[in-house]
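Working notes, beginning with the structure itself.
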Number of protein chains: 2
Amino acid sequence: MSVQHTGPDSLLTPSEVASLFRVDPKTVTRWAKAGKLSAVRTLGGHRRYLESEVRDLLAGVPRQRPED
Amino acid sequence: MSVQHTGPDSLLTPSEVASLFRVDPKTVTRWAKAGKLSAVRTLGGHRRYLESEVRDLLAGVPRQRPED
DNA sequence: ACCCAATCGGGTAATTTGGGCG
DNA sequence: CTTGTCCAAATTACCCGATTGG
């Protein structure tokens, strides 16, 4: 039996994230490129986003920023 | 004499790998055919993947590529 | 031997990527 | 500076019937 890890990092596709934010998928890509959103890459280069992080962002939770 | 392996060689099914990457199981098959992912074959021809390798790939660890 | 979900194959739509432009 | 759109190329998703796994 395998135990579920503490961090269930379910992934979202670009279009799914885009729909949640009511934005074009390309915009989500820009956020990832800008480091505003962390992304996992498929072996083909497509991005998958952490659902937990997206939910936090949608809820208005500010992302951990490098010290100013 | 020991036949000890250097690492845990637990195997994952195509659908398990697909879930981890949030892709279709067929896509995982293409990765294997493309040599991006090493696969073990069952006697019936079904593929099984190395958990350790999959975890490395998910973490962004580039695969050791055959010499060009 | 039976059941049924999963994984073969192939083929064809739908997404995604990246760059550049407005 | 951020977002939306156009384009071509690459990657991925869904369709089928047949075989395999447990």
Side-chain angles (χ1 to χ4, degrees):
Chain A
M1 65 170 291
S2 74
V3 176
Q4 206 75 353
H5 289 105
T6 46
D9 41 6
S10 45
L11 303 174
L12 297 176
T13 65
S15 59
E16 286 173 338
V17 178
S19 298
L20 290 173
F21 278 98
R22 292 297 225 126
V23 178
D24 194 271
K26 188 105 181 196
T27 299
V28 179
T29 298
R30 291 197 179 101
W31 293 344
K33 233 180 293 195
K36 297 179 178 178
L37 193 55
S38 49
V40 176
R41 295 283 205 142
T42 68
L43 299 193
H46 285 201
R47 284 175 253 260
R48 295 284 116 100
Y49 303 93
L50 298 176
E51 181 190 26
S52 54
E53 186 178 6
V54 171
R55 269 197 291 97
D56 285 349
L57 264 356
L58 278 172
V61 178
R63 199 63 201 94
Q64 186 69 12
R65 308 277 319 258
E67 295 297 336
D68 292 297
Chain B
M1 65 167 284
S2 122
V3 201
Q4 189 101 15
H5 296 123
T6 44
D9 53 352
S10 43
L11 301 176
L12 298 177
T13 65
S15 59
E16 285 173 334
V17 178
S19 299
L20 290 174
F21 278 96
R22 186 58 169 88
V23 289
D24 194 271
K26 263 315 189 27
T27 299
V28 180
T29 299
R30 290 196 212 93
W31 293 346
K33 272 193 236 182
K36 297 178 178 176
L37 188 58
S38 49
V40 177
R41 293 280 204 150
T42 67
L43 300 190
H46 287 198
R47 283 174 256 258
R48 295 286 117 96
Y49 305 93
L50 297 175
E51 180 190 24
S52 54
E53 185 180 7
V54 171
R55 274 201 276 94
D56 285 348
L57 263 355
L58 267 176
V61 178
R63 246 256 307 120
Q64 180 70 13
R65 297 195 284 168
E67 298 296 340
D68 292 298

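Order of the sequence lines fixes the chain letters, A, B, ..., with proteins taken first and strands second; residue numbering starts at 1 for each chain.
Judged by closest nucleotide on DNA chain C, B:E16 is the one of B:E16 and A:R41 placed further toward the 5' end.
Across the protein-nucleic acid pair, A:R47 atom CZ and C:dT16 atom C1' stand 9 Å apart, rounded to whole Å. Protein atom CZ of B:R22 is 11 Å distant from nucleotide atom C1' of D:dA13, rounded to whole Å. Rounded to whole angstrom, the span from the NE2 atom of A:H46 across to the P atom of D:dT12 amounts to 5 Å. Going from atom CH2 of B:W31 over to atom P of C:dC8 covers 14 Å, rounded to whole Å. Rounding to whole angstrom units, CG of residue B:D24 and P of C:dT15 are separated by 14 Å. Rounded to whole Å, the distance from CG on A:L11 to C1' on C:dT16 is 16 Å. When rounded to the nearest whole Å, the span between CZ of B:F21 and P of C:dT16 equals 18 Å.
Remark: the A:K26 side chain and the C:dG19 base include a donor-acceptor N/O pair separated by less than 3.5 Å. Side-chain atoms of B:R30 come within donor-acceptor range of the base of D:dA13, with a qualifying N/O pair under 3.5 Å. The base of C:dG9 has none of its N or O atoms less than 3.5 Å from a complementary donor or acceptor on the side chain of B:K33.
Side-chain contact between A:T27 and A:F21: absent, with no pair of heavy atoms (C-beta onward) separated by less than 4.5 Å. Side chains of A:E53 and A:D56 form no contact here, defined as non-hydrogen atoms less than 4.5 Å apart. At a threshold of 4.5 Å between non-hydrogen side-chain atoms, the residues A:R55 and A:S52 count as touching. With a 4.5 Å cut-off on side-chain heavy atoms, A:R41 and A:R47 count as touching.
Using a 4.0 Å cut-off, some side-chain N or O of B:T27 falls inside it from OP1 or OP2 of D:dA13. Taking 4.0 angstrom as the limit, A:T42 places a side-chain polar atom (N or O) nearer than this to OP1 or OP2 of D:dT12. Between A:T29 and the phosphate of C:dT16, there is no side-chain N or O to OP1/OP2 separation shorter than 4.0 Å.
Nucleotide D:dT2 forms no Watson-Crick or G-U wobble pair with any nucleotide shown, as no partner meets the under 3.5 Å limit on both distances. Applying the Watson-Crick and G-U wobble criteria (two distances, each under 3.5 Å), C:dC2 pairs with nothing in any strand.
Take A:L11 and apply the side-chain contact (heavy atoms from CB on, under 4.5 Å) test, not counting sequence neighbours, and it matches A:V40, A:R48, A:L50, B:R22.
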